[in-house]
Amino acid sequence: MFATTFSHQNSAALPPDLFTAIAELKRELNAVVLAHYYQDPDIQDIADYIGDSLGLSQQAASTEAEVIVFAGVHFMAETAKILNPHKLVLLPDLNAGCSLADSCPPAAFAQFKAAHPNHKVISYINCTAEIKAMSDIICTSSNAVNIVRQIPADQPIIFAPDRNLGRYVMEQTGRDMVLWQGSCIVHETFSEKKLVQLQIAHPEAEIIAHPECEPSVLRHANYIGSTTALLNYSQRSSRSSFIVATEPGIIHQMQKQAPNKLFIPAPPMNDCPCNECPHMRLNTLEKLYWAMKNKNS
Ligand code: 13P
Ligand code: SF4
C-alpha cells in the first residue's frame, strides 16, 4: 500500500525545538528525510539529502532507512514507494500535488496513445503512477535529452506530459516527437517582458532556466538545465550574479553554496508569489514533524 501520512490538525503541542525533535524522530524510526530543492529552507536544512527528481529517486532506491520521509510532491513520494514497496513512505501533506501531473489525466492519455500506434512513450517523471504504467521509459529533466538520443532514429516517440521540456528535448536532439500538451503552473508564469527589464538592470547577470519554462523565457537563457544542473552551473560559472528562472526555493541552496554570489528570482507575470510552487509549499516543518510522530495513524 502507498503509505503517505496526511498531517491533520493535531491538538498536542509542538515541541519547542522542532529541529531537535525531528532529529530524534529520525533516529527512533530509522528514517531518512529526502527533500526537493523547491521546499521551504527550514525543510531543506533538516533534510539528509536535497536533490532534483533524478537524485531523489536514486536516493530512494538506495536508502537502507526503514522510513522515507519525502518532502516533495505526491508523484515523487509515489515514485519512492514504487521503488520501495515494503517501506513506509511519508508525505508531510497528502494534498501536495502537481499541476503538471494533473494536466495528463490517464483516460485521455490512453486515447492519445491509442491514436499513435507504434510510438514509444517517454514520460517525464512528473506524472502519476497510472501514466507511468502506460509508458515505456520514464525520464527526468536531468536525463531526458540523453534518453531520447538513445532511441533508434526510425522509432516514433510520444513525449508526455510537459510540452516545454518536450520541445526543448526536440531542439537539443533534432528528433521529432508527438507532445502531450501539459505544463507546469510555476514555470509558465514567468514574464518575458519583466525578465528582459531585469536583465537590462543587471547586465552582468546570467539567466539560468529550467526546461519546463516557456520558449519565450528559454530563448533568453544563458544556461538551461534541471534544478541540480542549475545549482552546479551557478557554482562553477565565473559570473557572480544570476537571474534564476525556476521555483525560487532552490536559491536557498545556491546562496548557501556561494554566499558571495547574487541570485535574483525571475519575475512572474502578476504581482503575486506565483513563481513559488503552491503544491511543494504545502509541506511545512510542522507537518513533517507530525507525519513522523503520527506515522501509524
Ligand atoms: P527537477 O527536479 O527534475 O529539476 O524538476 C523540477 C520540478 O518541477 C519538480 O517538480
Ligand atoms: Fe509540479 Fe511545477 Fe510544482 Fe514541479 S514546480 S511540483 S512540476 S507544479
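In each ligand, atom 1 is the first atom listed, and ligand 1 is the first ligand listed. Atoms considered below: every heavy atom in the structure, side chains included; atoms not considered: hydrogens, waters and symmetry mates.
In this structure, Lys287 does not pair ionically with Asp40, as no charged nitrogen and carboxylate oxygen lie closer than 4.0 Å. Contact check on Lys293 versus Glu28 returns no salt bridge, with no Lys/Arg side-chain nitrogen under 4.0 Å from an Asp/Glu carboxylate oxygen. Under a 4.0 Å N-O distance rule, the pair Lys256/Asp45 qualifies as a salt bridge.
For the pair Val196 and Ile200, the minimum side-chain heavy-atom distance is below 4.5 Å. The shortest distance between side-chain heavy atoms of Met292 and Leu29 falls below 4.5 Å.
Just one residue in the list Thr246, Asn164, Asp162 forms a side chain to side chain donor-acceptor pair (under 3.5 Å) with His187, and that residue is Thr246. Of the candidates Ser240, Ser237, Ser238, Glu206 forms a side-chain contact (heavy atoms from CB on, under 4.5 Å) with just one, namely Ser237.
Counting only distances under 2.8 Å, and ignoring water, the protein N, O or S atoms around atom 3 (Fe) of ligand 2 are Cys277 SG.
For ligand 1, residues of the protein lying within 4.0 angstrom by heavy-atom distance are His36, Tyr38, Asp52, Ser53, Met76, Tyr124, Asn126, Ser141, His210, Glu212, Ser226, Thr227, Met280.
His36 does not count as a contact of ligand 2, since none of its heavy atoms falls under 4.0 Å from the ligand.
Under the 3.5 Å distance criterion, with hydrogens and angles disregarded, no donor-acceptor pair is assigned to the side chains of His220 and Gln199.
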Residues Asp52, Thr227; criterion side chain to side chain donor-acceptor pair (under 3.5 Å); working and verdict: CA-CA 6 Å; Asp52 67 357; Thr227 44; 4.5 Å; no
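Between Phe159 and Trp180, the ring center distance fails the sub-6.0 Å criterion.
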